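To start, the structure itself, in structure tokens.
Convention: sequence-line order gives letters A, B, ...; per-chain numbering from 1. Nothing here was measured: the structure is a model prediction, and the numbers come from that model.
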Amino acid sequence: MTDHSDAPHANSASLDSTGAADPEADGKPATASQRQLVWWSFKKHRLALVSAWLLIGLLVVVAFTEFLAPYDVRHRDSEYTTAPPQVLKIVDTDGGDGWRWGLHVDGYTSEQDERSLRITYETNPDDRVEVGFFVKGEEYELFGFIPWDRHLIGPKDPEDPMYLLGTTTDGKDLLTDLVYATRVSTSVGIIGVALAFLMGIVLGAISGYFGGWIDNGIQRLIELVMAVPAIPLWLGLAAALPTDMGPVMRYFIITTILAVVAWTGLAREVRGRFLAMRSEEFVTSARLDGSGHGRVMFRHMLPSFSSHIIAALSLSIPTMILAETALSWLGLGLRPPAVSWGVQLQEASKWSVLSGAPWLLIPGLAVVIAVLAFNFVGDGLRDAADPYKH
Amino acid sequence: MFQYLGRRAIYMAATLLAISLVVFVIISLPPGDFVTALEARYAVQGQRLTPEDVAELRSRYGLDGNLLQQYLHWITQIVLHGDLGMSFEHQKPVSEVISSRLGATLGVSIATLLVTWAIAFPIGAYSAVKQHSIGDYAATTIGFLGLATPNFLIALIFIYFSVNWFGSVPSGLCSPEWCDASWNLGKVLDLLGHLWIPMIVIGTAGVAGLVRIIRNNLLDELRRPYVTAARARGVPEGRLLRRYPLRVALNPFVSTIGWVLPILLVGDIVVGQILGLPTLGPILLGALKGQDMYLAGSIIMVLSLVTVIGTLISDLLLGWLDPRIRLGYLR
Amino acid sequence: MAQPLLEISGLRTGFETHDGTVPAVDGVDLTVHAGKTLCVVGESGCGKSVTARSILRLVEEPGRIEAGTVTWHGDDEPFDVLSLDHDDERLQKLRGGDIGMIFQEPAASLLPLRSIGAQLIETIRNHTDLDKKAARERAIDLLQLVGIPKPHERVDAYPFQLSGGMCQRAMIAIALCADPSLLIADEPTTALDVTTQARILDLMRNLQERHHMAVMFITHDLGVVAELADEVAVMYLGRVVERAGVEELFADPKHPYTRALLESVPVLGRDRGRDLPTVPGTVPNPLHRPKGCSFHPRCRDAIAGRCDIDEPPEVVFDDGRTAECVLYDDREGAQA
Ligand SMILES: Nc1ncnc2c1ncn2[C@@H]1O[C@H](COP(=O)(O)OP(=O)(O)O)[C@@H](O)[C@H]1O
Ligand SMILES: [Mg+2]
């Protein structure tokens, strides 16, 4: 492109020419200050900053799932199926004896329709369920090895019902499921992108660094893979899996399938960066210094565009999350007993159920929020990494 | 131009070859094959197939020999006889199952595509020209939301309100009284009355994506030197916008046909399922779930073919719109 | 002295950025005389292009013209361009009619999707009342005039089918289509190779003689200045630091910046068309303009305690030339 503004080149040229003298010594402060610049301009995107906090929250949920969920994921309360959400209250005003302070929720009353025999639940202000923080509940192992039985929030009497987001048709706590599903869905996105990135970066880097016929071959390959429409491909591959596969295996295979289909975009991105940089001075000089190909690629070139890469990664994760959600919702991705946002939303597919239980759509809200957050962070990063292109 | 066309055609053939390979892999992935499934079914009915029968069947369906031979048999059957294999679930040739529904699928998708364009283009253009205006912020926000919301979720929300407000879910493409009627104004109106729901559900993500594309492209174009240069020679603002950046920004828009079509077709899987449309989506889903692989693979093949044709059409349109492409100065 | 055609006075143009307003043009006074060539020279980033764009109000977001006047004397009544309404006819007539403008990147300044003929005809019909056919004839004549071979064929060519030099000729043809009295050329040869550069310069000199146009020529190449200029204005960091006739300037540069520029004139054929090689140091970011004289950190003659504190005065010499430098503060017309 000839019509690019010359300003950024002028800048990078001056950076590189200092690096040319001694790339090892001068490269570090240059990237450090580059990183700082990126961080400064990232901070100015308020939406991106808020989203970054949201993502950190998401990671906390992923790490402390068992502690944050009020119940064990296998907990099933056949007494309360399809019960509506309760509101967390700190003061009770409608008891006869004035105000009673203390965290609590209202219990349920049930009613059975005479003709359809369907049981419907309603919250009942007269029935008080005491709620506390760090309550004793079902035992679990934090991070897989620390045995514990405390939960962030829960009913003081484990026999009492506390379903802040309501329950599913088979009496599972929606909040608990949501917390577990967050771990699964987010990690599918992140691991999937990491895999895709790994494939993309190896091929893309080789392609962009060596150029010539190697580049040509890899490019044609990428083009062909891209020409096969991604979503039918996802569907087909997922459907071809054996039906009797265990949930963990299925999780990894589905993640791999998502990655296999998605790596091409990242590969192109990486290749473009490498091509642009290959001819720049500090790379040439590092080569002349006698550094090997691998060393030049991964020590000198990768760090200098890490913000772009992070931005591209962050923008790919939502695609993965959406794909997993759709696959699972269609019944082709993860399957119960695994919980993911898509699996949760399957509950809501029957309109006879959904019409009486709109809270079953709450996992959809989680999908939208997570996808938006990743997108905003990605956009913010990309803009910050590329101040000249708005 | 002819060179350009030739290049596109060769490229298309290569793509189709790649797609057919992938589809064949998908078909062959599940353990067992068509004959195994048939054996199982006969076994359920208490009949036994002799090993000779099995071998006979295998050679009839081209399932003997190694994978490469199987692929060659499969692809020659398709190319020479239009034979896509047998659907296990439907007990019919796949081509029959597909052809009865292809029309409705394409109809819904193309109608949605046109509406998507008609909505997205003005919004995107407005949003770029009036950057930072309230309208721009609104369009951008809705665009982000539209992209972040899976379309089955939109369908579910839609159903929730529809059931609670009207007590039912509108389904199918026509009301019973019109379905068998011959085409007249009433039937067209009835069709439109049914069509807007799948359109909204299928089209939202497409509109959101296209608005973003057109907005970003137009913003880029508006900063190009030729805009300043045209202004400097006194081209009036309205004409400046129409003749210059809008025209250039149309290019990437046109080239989106290739990727919008598959999105729409997949949206159909979701919506067709929920709204009971007579389209390919629900059939594909059923086939995938039942591992009716010839049917599933063939539908995927057909969807891919539609996509490839869509890409070809968009390439031709691009060549017609942009002399740089037509004359081979830009690939 | 010739009549003033265009008078810029106290022009300030700033760009709103996240880090504050960048004062790209910070109080510029310039005069272009009818039929003469004014060369504006200075390193990259001094605000030359922004000055030129401000004249026709072409500064783009986030830029804004904050103060100053641009007086046009070409009509019967002089008027201030900057105070015209957006849809004032005089502004439309000025753009492309009385003032033609050409840019640094000729290929990018033409719309790639339309033939150069179409763009030429559009401008002709905008500023004259020729019909389509006559406009096409005129377009071909103009292409011939700017030295494009086979104008009958080239009129239907697309910009990407032409070389950079040919594109710049086409741009000149477009700029000339309504017989302007001023041609603003913003580094029109920077993107071209040396031979093409020389041809375009020749063409511009010829055209100027033939049409009695004034030219405002922006460049960072002092060689070009010597070839073309009647008068020269030297810009540094958004200000005009020295103004003089071309002979006086080359014979006796006053401002230390001008001297540094002259010393750095590139070796023949080596650095032409690139940024000036060797004025020591780099142009500071206009956001962080040095206190006092903005050139003092790079100035050999800087006086500590004076140049880094006070804004330099504008000194007017006997022959009308000016320099913004304390060196001449109290000894007028002195030799350096
Ligand atoms: N779009 C813009 N945004 C921010 N700053 C700008 C923009 N355009 C120009 N500038 C500022 O104006 C200064 C002068 O630019 P310019 O007039 O293009 O310099 P030159 O003398 O090389 O033509 C630059 O240093 C830059 O800081
Ligand atoms: Mg400039």
Side-chain angles (χ1 to χ4, degrees), chain B residues 1 3-4 127-133 136-137 214-255 316-331, chain C residues 49 52-53 55-63 86-87 89-115 118-120 122-127 156-162 167 170-171 173-178 180 184 186 191:
Chain B
M1 189 71 195
Q3 208 186 354
Y4 172 70
S127 174
V129 174
K130 301 258 187 253
Q131 202 193 359
H132 303 310
S133 69
D136 175 30
Y137 287 128
I214 187 89
R215 178 176 181 273
N216 289 347
N217 276 311
L218 195 52
L219 279 179
D220 269 0
E221 290 305 323
L222 285 172
R223 291 197 191 93
R224 299 239 181 241
Y226 68 76
V227 176
T228 311
R231 200 170 279 138
R233 65 178 97 114
V235 180
E237 285 298 317
R239 180 143 41 112
L240 183 96
L241 192 67
R242 256 180 294 120
R243 285 249 173 120
Y244 290 67
L246 265 184
R247 242 198 96 173
V248 183
L250 206 59
N251 280 11
F253 201 65
V254 169
S255 61
L316 293 182
L317 275 177
L318 272 182
W320 174 67
L321 269 177
D322 191 336
R324 285 172 298 184
I325 296 174
R326 187 181 344 133
L327 299 171
Y329 282 80
L330 201 77
R331 231 162 58 91
Chain C
S49 299
R53 275 153 204 241
I55 297 174
L56 285 178
R57 309 208 345 211
L58 300 172
V59 184
E60 274 157 38
E61 290 281 303
H86 267 288
D87 46 4
E89 271 178 21
R90 285 177 289 179
L91 185 61
Q92 291 304 319
K93 181 165 169 288
L94 219 52
R95 291 178 172 176
D98 290 329
I99 302 182
M101 189 155 177
I102 59 179
F103 298 88
Q104 180 169 352
E105 294 170 341
S109 301
L110 291 161
L111 180 71
L113 301 186
R114 304 183 68 206
S115 66
Q119 301 181 53
L120 197 46
E122 179 183 34
T123 319
I124 294 171
R125 299 200 58 197
N126 237 346
H127 293 287
D156 292 318
Y158 290 96
F160 54 86
Q161 295 174 305
L162 302 180
C167 282
M171 280 298 289
I174 293 178
L176 290 182
C177 71
I184 300 176
D186 185 359

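- The closest donor-acceptor contact from the side chain of B/Arg247 to the backbone of B/Leu321 lies under 3.5 Å.
- Not a single donor-acceptor pair under 3.5 Å links the side chain of C/Asp186 to the backbone N or O of C/Ala52.
- Heavy-atom pairs under 4.5 Å with chain B were tallied for C/Thr123, C/Leu91, C/Leu56; the largest tally goes to C/Thr123.
- Interface remark: C/Arg53 contributes side-chain atoms only to the contact with chain B (heavy atom separation under 4.5 Å).
- Judged by distance alone, with hydrogens and angles left aside, the side-chain atoms of C/Glu122 form no donor-acceptor pair with the main-chain N or O of B/Val235 at under 3.5 Å.
- Side-chain atoms of C/His127 come within 3.5 Å of backbone atoms of C/Arg95 as a donor-acceptor pair (strictly under, hydrogens ignored).
- Looking at C/Leu113, both its backbone and its side chain come within 4.5 Å of chain B, counting heavy atoms on both sides.
- Only the side chain of B/Arg239 comes within contact range of chain C, judged by heavy atoms closer than 4.5 Å.
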